[in-house]
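Accompanying notes for the structure given below.
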2 protein chains.
Amino acid sequence: MFQDRAIEKYTMVPGHHQGTCASPKDQSIKLRADETIYSEGEYALAIYQVEAGAVRIYRLTSNGQRHILSFCGKGEWFGLESGNVRTDFAEAICETRLRSFRTNQEAVVPIDLLHIALTNLAKAQCKQLIISEQSALKRLAAFVQEMADRHPEDAEFDMMMSRSDIADYLGLTVETVARSFTKLREKRILRLAGKSQRMVRLLDRDALIALTI
Amino acid sequence: MFQDRAIEKYTMVPGHHQGTCASPKDQSIKLRADETIYSEGEYALAIYQVEAGAVRIYRLTSNGQRHILSFCGKGEWFGLESGNVRTDFAEAICETRLRSFRTNQEAVVPIDLLHIALTNLAKAQCKQLIISEQSALKRLAAFVQEMADRHPEDAEFDMMMSRSDIADYLGLTVETVARSFTKLREKRILRLAGKSQRMVRLLDRDALIALTI
DNA sequence: CGTCCTCTTGAACTATCTCAACAGTAGTGG
DNA sequence: CCACTACTGTTGAGATAGTTCAAGAGGACG
């Protein structure tokens, strides 16, 4: 049952990018917010690199809880798995552009799969340290710092993910995430803006780092 | 400073295994309990496979807390990193035998590094799900199940690691680990034995699995 | 026999979760 | 244009689970 959907989904992809790309040599896939890239149980036929936007990788537990394993921003790779069947879900968080590479056929441009795997391993280990922090404020501080590191030049940046995404990433509830954000605001560490309070302006980076220690 | 210690440590290894191995072609390293295999900051010159015993991989945070990233049992590989400098510590939990493989020189027996990296990535992702569980009992149940899976044939097995190891692995305190173990005992899911209560006899595997859901 | 270490248990505290209400925004349709 | 709905984020109050601090039990070892 899963496999049929997987193949169907994959074969949809060419049509997908034909609609959005002018040049035939441009292999990028464009996705709207919350669009699915792949789902658990599908055949793993390709790996992806984020050209623009952001992606969430998550799993669903048997009791229906969602655990976000990682967020992938510009330049990051995802979709490389040990088996040939997907163990998780991948969705675009916002409007997103991807490049896909089939893993079964020999790549024209050789891809360093080992490097990608080790980078993702390092990311996963780093995240383990974050969610092992017992304090919610510490976890959120670490998360904000991680997000801020992706925009080193900008004074203000868009997190793009919802409070619910952040909660499922940090192993907290939406309410504690919101409360921790107001604590960061009260401490004058950051300022929130935008329609859904997802625009972050860092006021005191040192204080933020001090929190994560 | 770290590098000097690294090289010194590495050059100690041959002497180490000469003392314990009769045959010169036997490349296995023997370690006593709590002996260090490598430390943060050292040069990463080799990867290891556990032949017997168990290993803990951990990091120390700036405030001195220890976070155990993974336990490696028989057959498992560790020590493969993205950079050429160690980012974590590796220690033998009990009496342990390892095989080491230098990563810089061409291996006589080709090792599938990608497979090792992806296996470790899958392990790290699985652990993320465990420690994202909010209940301490669920986390411990998942841990016990993971340990039990390494001894599918035995009715009773030795966890080997201390309560403190388990606490630092699950992101809990020693006390809650102990309390959760007594809860598992009270629920007649397992029985503990041995001098430090590290021998586990599973009485109700289904109830254990039910807890992890 | 005393010391050390690990594990366990108790009691108080604290942080997070849960349940609930409300505010702001966007989209819909009269 | 204005209700109406839907969704997201915030805040409050009480319940709950884990931490912290403290003490004690049991084994190992000199």
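Here is how names work: the chains are called A, B, and so on, in the same order as the sequence lines, proteins then strands, and each is numbered from 1.
Atom CG of Leu192(B) is separated from atom P of dT9(C) by 10 Å (rounded to the nearest Å). Between the CD atom of Gln197(B) and the C1' atom of dT6(C) there is a distance of 10 Å, rounded to whole Å. Nucleotide dT16(C) holds its C1' atom 14 Å from the CG atom of Leu170(A), rounded to whole Å. Per the geometry, NZ belonging to Lys195(A) stands 11 Å off P belonging to dT25(C), to the nearest Å. Distance, Arg185(A) CZ to dT10(D) C1': 8 Å, rounded to whole Å. Straight-line distance from the CE atom of Met199(B) to the C1' atom of dC7(C): 17 Å, rounded to whole Å. The nearest whole Å value for the distance from the CG atom in Leu184(A) to the C1' atom in dT10(D) is 15 Å. Here the C1' atom of nucleotide dT16(C) and the NZ atom of Lys138(A) are 16 Å apart, to the nearest Å.
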Practice item. Carefully, step by step, assess Arg179(B) and Glu186(B) under the rule salt bridge (charged side-chain N to carboxylate O under 4.0 Å, His left out). Key: CA-CA 10 Å; Arg179(B) 273 183 255 265; Glu186(B) 286 168 356; over 6 Å; no
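Ser132(A) contributes a side-chain N or O that, together with a main-chain N or O of Gln128(A), makes up a donor-acceptor pair within less than 3.5 Å. Between the side chain of Glu35(A) and the backbone N or O of Arg32(A) there is at least one donor-acceptor pair closer than 3.5 Å. Between the side chain of Arg198(B) and the backbone N or O of Met160(B), at least one donor-acceptor pair lies under 3.5 Å. A donor-acceptor pair is defined here as one N or O able to donate and one able to accept, closer than 3.5 Å; no such pair exists between the side chain of Ser82(B) and the backbone of Thr119(A).
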Can you check nucleotides 4-8 of chain D for protein contacts, nitrogen or oxygen pairs under 3.5 Å, and list what you find?
| residue | atom | partner | partner atom | Å |
| --- | --- | --- | --- | --- |
| dT8(D) | O3' | Arg198(A) | NH2 | 3.2 |

Do any N or O atoms of the protein come closer than 3.5 Å to N or O atoms of nucleotides 17-20 of chain D, and which pairs are they?
| residue | atom | partner | partner atom | Å |
| --- | --- | --- | --- | --- |
| dG18(D) | OP1 | Ala136(B) | N | 2.6 |
| dT19(D) | OP2 | Thr173(B) | OG1 | 3.0 |
| dT19(D) | OP2 | Thr176(B) | OG1 | 2.5 |
| dT20(D) | O4 | Arg179(B) | NH2 | 2.9 |

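A donor atom on one side chain and an acceptor atom on the other are found under 3.5 Å apart for Glu146(B) and Tyr169(B). For the residue pair Glu40(B) and Thr87(B), no side-chain donor N or O sits within less than 3.5 Å of a side-chain acceptor on the partner.
More than 12 heavy atoms of other shown residues, nucleotides or ligands fall within 6.0 angstrom of atom CD in Glu156(B). Residue Lys187(B) qualifies as open at atom NZ: its count of foreign heavy atoms under 6.0 Å is 12 or below.
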